[in-house]
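Data first, discussion second: the structure below is written as C-alpha cells.
Residue numbering restarts at 1 for every chain, and letters A, B, ... go by the order of the sequence lines.
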Amino acid sequence: MSPADVQPATITACPDGPLLVRGDFELRSEDNAVIPRTRRTLALCRCGASAIKPFCDGTHKLVGFTTGPPDQT
Amino acid sequence: MLPIDTNTLTRASFCARGPLSDLLLTALDGPLTPGQALLTDFETAVAAAIDCSGFVMVDDDLQLTLFVLYGLHYGGVVPGDEKWEWHPSTIAARILIENALEAQLRHSVAQPPLPAPTREQAIEFVAHRSVYTLKEADPHSWAIPRLTGRAKAALIEIQADEYGGGDVERMHSVLFASTMRGLGLDDRYAAYVDSVPAITLASFNTMSMFGLNRRLRGALVGHLAAFEMTSAIPSRLYADGFQRLGFESDVTRYFDEHVEADAVHEQIAGRDLAGSLAEDDPALLGDIMFGASVCLTMDGLVADHMLGRWKDDLSSLRFPAVGVAHLSAVAAP
C-alpha cells in the first residue's frame with residue numbers, strides 16, 4: 001500500500017459472522033510475530049471454528065454461530 | 001487407612017451365556033499358571049462356535065465372550081490375573097470373534113458410496129471452470145460504472161481483491177492459470193471450449209448477460225453475492241480434494257486463496273453490495289434475488305451434469321480434451 005492509502009483502522013462487526021478489519025493496522029500472532037498481510041480488508045474469525053485462524057473461513061455458517069442482537073452503543 | 005479394592009467396590013458379577021463364556025469366565029477366575037490347561041482348546045471351540053452360529057451379531061455366547069475378552073484390556077470387567085490380557089489363547093479367541101463380527105458388519109451395514117473423484121475427474125472440473133475462471137471477476141466488473149454510492153464502493157472493494165490488489169501474481173485469474181498448468185492443462189483462454197457442454201457455457205453466458213445489461217445490474221449484484229456467500233467452504237473442500245489426490249500447492253493455492261478471500265467477500269457482497277443496493281434502490285430487490293437464485297441454480301446444473309456423468313463412469317466433457325493425453329475421457333454425444 002502506498003502512504004496515501006493509509007487510513008485509520010476500522011473494525012466492523014458482521015452479524016453472525018467475522019470482524020472485518022480495514023485501514024492501517026498490524027496483525028500479530030499469539031507469540032507476537034507479525035502476520036503478513038496479503039489483502040486490504042481482512043475477516044477475523046469470531047466463532048472460533050475457522051481452520052485458518054485468525055482469519056475467517058466461512059465455517060460460522062456451518063456451526064450455527066450467532067451474535068445476538070446488535071451491540072448497544 | 002483401610003485398603004480399598006476398587007474392583008470389588010465397583011464391579012458386579014454376571015453370568016455365562018453358553019459353553020464358551022462359561023469356559024472363559026471359569027478360567028479367568030482362577031490363577032494363571034505355566035501350563036494353564038483350562039483355555040488350551042478355547043480357540044478351537046470359538047472357531048467351531050462361529051461356524052455354527054448363524055448370526056454372530058446376535059449370538060449371546062459369542063458376544064459375551066468377546067465382551068469379556070475386550071474387558072481384559074479395559075480392566076475392571078472381570079476379576080483375575082491381569083496377565084490374561086495378552087495371553088495367546090485370549091488374543092487368538094478375540095481375533096476370531098472380532099473378525100467374524102467385522103465381516104458381518106461390513107456385509108450387512110449399508111454405506112453410502114464414498115466420494116472418491118479420480119485425478120481425471122478433478123482435472124475435468126478445472127476444465128469446466130476455466131471458461132469463467134480465466135476471466136474471473138470480469139463479468140461483474142461491467143457493473144462498476146452502472147452502480148453508485150455504497151454499492152459501487154463495495155463492488156470496488158471486492159473486485160480490487162479479485163484482481164490481486166494490483167499485484168498480477170495474486171490476481172485470481174492468474175492463480176487459476178497456475179492451477180491449470182499444475183494439472184498439465186493448457187491455460188490459454190478457450191482451450192477447452194470445444195470440450196465443455198452447453199450448460200457450462202450457459203453458466204458463463206448468464207454472467208455476461210447480467211453484466212452487459214444495465215437494466216440487469218440488480219441480477220448481477222445478486223449473482224455475485226450468492227457466489228461469494230457460498231464459495232469459501234467449497235473452496236476448502238476443493239483444496240483438500242486436490243491435496244488428497246497428490247497435487248501440490250501450485251494447484252491448491254487458488255482454492256486456498258479463495259477460502260480466505262471469499263470469507264471476506266461474502267460479508268461485503270451480502271451486506272454492503274447487495275444490501276446497500278436493495279436499500280438504495282428497492283425496485284431492484286426482485287432482480288437481486290433473481291440473480292442470486294440464478295447463480296445457485298446454474299452452478300447446481302453444471303455440478304449435476306458432472307456428477308451424473310461421473311456416476312456412470314463417463315467423462316463430463318464432450319471430447320477428450322485436445323492435447324491432454326491423461327484426460328482419458330469417454331466421448332459423450
Report the distance from atom CG of D57(A) to atom CG of D256(B), rounding to the nearest 0.5 Å. 11.0 Å
My understanding is that only residues two or more places apart in sequence, or in another chain, count here; which of them pass salt bridge (Lys or Arg N to Asp or Glu O under 4.0 Å) with D138(B)? none
For T38(A), is it the side chain, the backbone, both or neither that has a heavy atom under 4.5 Å from a heavy atom of chain B? both
With a 4.5 Å heavy-atom cut-off (strictly below), which parts of residues 268-289 of chain B touch chain A? List them by number. I268(B), R271(B), D272(B)
Return the set of residues passing side-chain hydrogen bond (donor to acceptor under 3.5 Å, both in side chains) with H140(B) (not counting sequence neighbours), or none when no residue passes. H223(B)
Taking the side chain as C-beta and beyond, is there a heavy-atom pair between E260(B) and L42(A) under 4.5 Å? yes
Chain B heavy atoms under 4.5 Å from L44(A): which part of the residue, side chain, backbone, both or neither? neither
In short, A43(A) meets A263(B) closest at the heavy-atom pair CB-O, 4.1 Å
A261(B) versus chain A, heavy atoms under 4.5 Å apart: side chain, backbone, both or neither? both
Neighbour count >12 (heavy atoms, 6.0 Å) for atom CZ, R188(B): no
Does W310(B), at its CH2 atom, have more than 12 non-hydrogen atoms belonging to other residues, nucleotides or ligands within less than 6.0 Å? yes
Per-residue tally against chain B (heavy atom, under 4.5 Å) across S50(A), A51(A), P15(A), G17(A) peaks at P15(A)
Chi angles and distances behind the side chain to side chain contact (heavy atoms under 4.5 Å, CB included) call for T230(B), K61(A): CA-CA 10 Å; T230(B) 56; K61(A) 298 191 291 290; over 6 Å; no
Interatomic distance, R39(A) atom CZ to E257(B) atom CD [nearest 0.5 angstrom]: 4.0 Å
Could I get the full list of side-chain contact (heavy atoms from CB on, under 4.5 Å) partners for S208(B), not counting sequence neighbours? F204(B)
Would you find more than 12 non-hydrogen atoms of other residues, nucleotides or ligands less than 6.0 Å from R22(A) atom CZ? yes
